[in-house]
Amino acid sequence: MLLLLAKMGYTVEECSIAMERCGPEASVVELTDFICAAQLSREADVYLPDDDLKPRYNGVCKIKKRKFFEICKKKNDPETETIRLPNPMIGFGVPSLQLESISRSLPDSAIGPPFFYYENVALAPKGVWDTISRFLNDIEPEFVDSKYFCATARKRGYVHNLPVQNRFPLVPLPPLTVQQAFPLSRKWWPQWDPREKLNCIQTAIGSAKLTERIRNALERFDGDPPTSVQKSVLDECRKWNLVWVGRNKVAPLEPDEMEMLLGFPKNHTRGGGISRTDRYKSLGNSFQVDTVAYHLSVLKDMFPDGINLLSLFSGIGGAEVALHRLGIKLKNVVSVEKSKVNRDIVRSWWEQTNQAGNLIDFDDVQALDGERLEEVISYVGGFDLIVGGSPCNNLAGSNRVSRDGLEGKESSLFYDYFRILDLVKSIMHRPA
DNA sequence: CTTAGGATGACGTAGAGC
DNA sequence: GCTCTACGTCATCCTAAG
């Protein structure tokens, strides 16, 4: 906790006083709220002595730090202000269900340049999306389930300042049902398995032993098994996202099948010394390209000459692939991604697709401070779009061990997305 | 023999939707 | 009230390569 607060730019002294006064159970919002309240009552240059400031706030720290306090100070009202998920989860519309007369008004502070696009899991613990929204200019998140774009579910929230009118989907439209996506499975798909969509693609897959147990259970019957067996098999199939590949045979998705479902080119994550496990991990953590591309499609007419992209937590480059498939030229792409495996994947895709622009790698978002950003921005000449989906490990429902919310070890990197977005804005808006 | 990395299964719960 | 889902983690075992 102390580390997290320090990362936000608080001094050790501030933190220890706050932790003492708020008690051991206090959340990060309560703590920052306390520090904020105490400090806002003083003069800015008193409570922000320069040598206390963390390096990442260099350049714009005084303003930024105060702004951070102010955002933290705004409290959630859990009764009335909790963000609710839409049902159906189609955000501001999907290709098959275009909503009439969509409009939304963004707060002045949210209007670009640059455009930004933030993504994370929709079913995060309560209050997480309220906090995220609060930090990102109070923009209402757009919750979309990718099952409206492809044959697999993926419930995600997107906070962005893009227009929502005149969007268009990638063509060709991907198959919308499992049966269309996997024609060969039709022959083996039993009548009693009603699934038309797969569940969310995750980082772990069902084991070979499990599929063997399922086959053994089914082979004891000639025709359809009794309903009790049907139910238990279906439960496992849903839990592990298994598909039918032979008589009584189920199997987890292959990596290339996941690539297809998620909208990536086949073999996108293959080769170059990347293990199967790593492929599953990277794919499970990725964007669904068609969904993201639909949202980003409005940029095409705005930037006929191409865009400069800052891609945080790039992963296997979902945003880059989406923009490329939309036919939006990539001039300069600054990509920040911790995993070398993923950086290699993006680099290799970049070379294979003969990109004319520059791809610049960074490995650590936390090391991207004001100074570095100024260098990069003066080199590329400003960013048109900032994309990022910060780590979800501590938000995701499947995590039994450390579902700690936004304050979790990895998921707290969201605050770096906010920090960098804010830094870029102030550098770009500063008079030359 | 040692080591690295894949494979396996156990692990619990919040919160949405009905 | 009930059912269902979820960008996951860990210790341990197994296997192949060195």
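Lettering of chains follows the sequences in order, A, B, ..., and the numbering in each one begins at 1. Worth knowing before you read on, the calculation uses all heavy atoms, side chains too, and leaves out hydrogens, waters and symmetry mates.
- In this structure, a donor-acceptor pair under 3.5 Å is present between the side chains of A:N399 and A:S402.
- Nucleotides B:dC11 and C:dA6, compared at atom C1', are 14 Å apart to the nearest Å.
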For nucleotides 15-18 of chain C, tabulate all protein N/O to nucleotide N/O atom pairs closer than 3.5 Å, reporting atom names and distance.
none

Study note, to complete from the structure: Read 5' to 3' with Watson-Crick or G-U pairs under 3.5 Å, [ ] for crossing pairs and | for partners on another strand, DNA chain B gives |||||||||||.||||||
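- Side chain of A:C200, nearest nucleotide from B:dG9, C:dA6, C:dT5: C:dA6.
- Closest to the side chain of A:N199, from the set B:dT8, C:dT5, C:dC7, is C:dT5.
- Taking the six-membered ring for Trp, A:F135 and A:Y415 have ring centres closer than 6.0 Å.
- Closest contact between the side chain of A:K155 and the listed nucleotides B:dG6, B:dT8, C:dT5 involves C:dT5.
- Regarding contacts with the backbone of C:dT5, a side-chain N or O of A:R238 is found under 4.0 angstrom from either OP1 or OP2.
- Between A:R156 and A:E119 there is a salt bridge, since a side-chain N of the basic residue sits under 4.0 Å from a carboxylate O of the acidic one.
- At a threshold of 4.0 angstrom between heavy atoms, the contacts of A:S390 include nucleobase atoms, whether or not backbone atoms are also involved.
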Check your understanding: Going through the distances and angles, do A:T291 and A:S146 end up as a side-chain hydrogen bond (donor to acceptor under 3.5 Å, both in side chains)?
Key -> CA-CA 6 Å; A:T291 313; A:S146 293; 2.8 Å; yes
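- In this structure, A:E212 reaches neither bases nor backbone, as no heavy-atom distance under 4.0 Å exists between it and the strands shown.
- Here A:R419 pairs with A:D416 in a salt bridge; the nearest charged N to carboxylate O distance falls below 4.0 Å.
- In this structure, A:N393 reaches the C:dT9 phosphate: one of its side-chain N or O atoms is under 4.0 Å from OP1 or OP2.
- OP1 or OP2 of B:dG9 sits under 4.0 Å from a side-chain N or O of A:S207.
- With respect to A:E254 and A:R276, a salt bridge is recorded, a charged nitrogen being found less than 4.0 Å from a carboxylate O.
- Distances were taken from every side-chain heavy atom of A:K209 (C-beta onward) to each of C:dC7, C:dC10, B:dT8; the shortest belongs to B:dT8.
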Sub-3.5 Å pairs of nitrogen or oxygen atoms, protein against nucleotides 13-18 of chain B:
from, atom 1, to, atom 2, distance (Å)
B:dG15, OP1, A:K126, N, 2.6

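- Take the nearest nucleotide of DNA chain C for A:K231 and for A:A122: the residue whose nucleotide is more 5' is A:K231.
- By the 30° and 60° cut-offs, the orientation of the rings of A:Y117 relative to A:H295 is tilted.
- At least one donor-acceptor pair under 3.5 Å links the side chain of A:R154 to the backbone N or O of A:S286.
- Comparing C:dC7 with B:dG17, their C1' atoms are spaced 22 Å from each other, to the whole Å.
- In summary, A:R279 and A:E259 engage in a salt bridge, as defined by a charged side-chain N under 4.0 Å from a carboxylate O.
- A salt bridge links A:D361 with A:R347: the closest approach of a Lys/Arg side-chain nitrogen to an acidic carboxylate oxygen falls below 4.0 angstrom.
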Practice item. Please lay out, stage by stage, how A:E320 and A:S311 fare under the test side-chain hydrogen bond (donor to acceptor under 3.5 Å, both in side chains). Key: CA-CA 8 Å; A:E320 289 85 339; A:S311 174; 3.1 Å; yes
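- Here the nucleotide nearest the side chain of A:R400, chosen from B:dG6, B:dG12, C:dT9, is B:dG12.
- In this structure, A:N393 contributes its side chain and A:E410 its backbone to no donor-acceptor pair below 3.5 Å.
- Nucleic acid contact for A:C392: base, since at least one base atom lies under 4.0 Å from a heavy atom of the residue.
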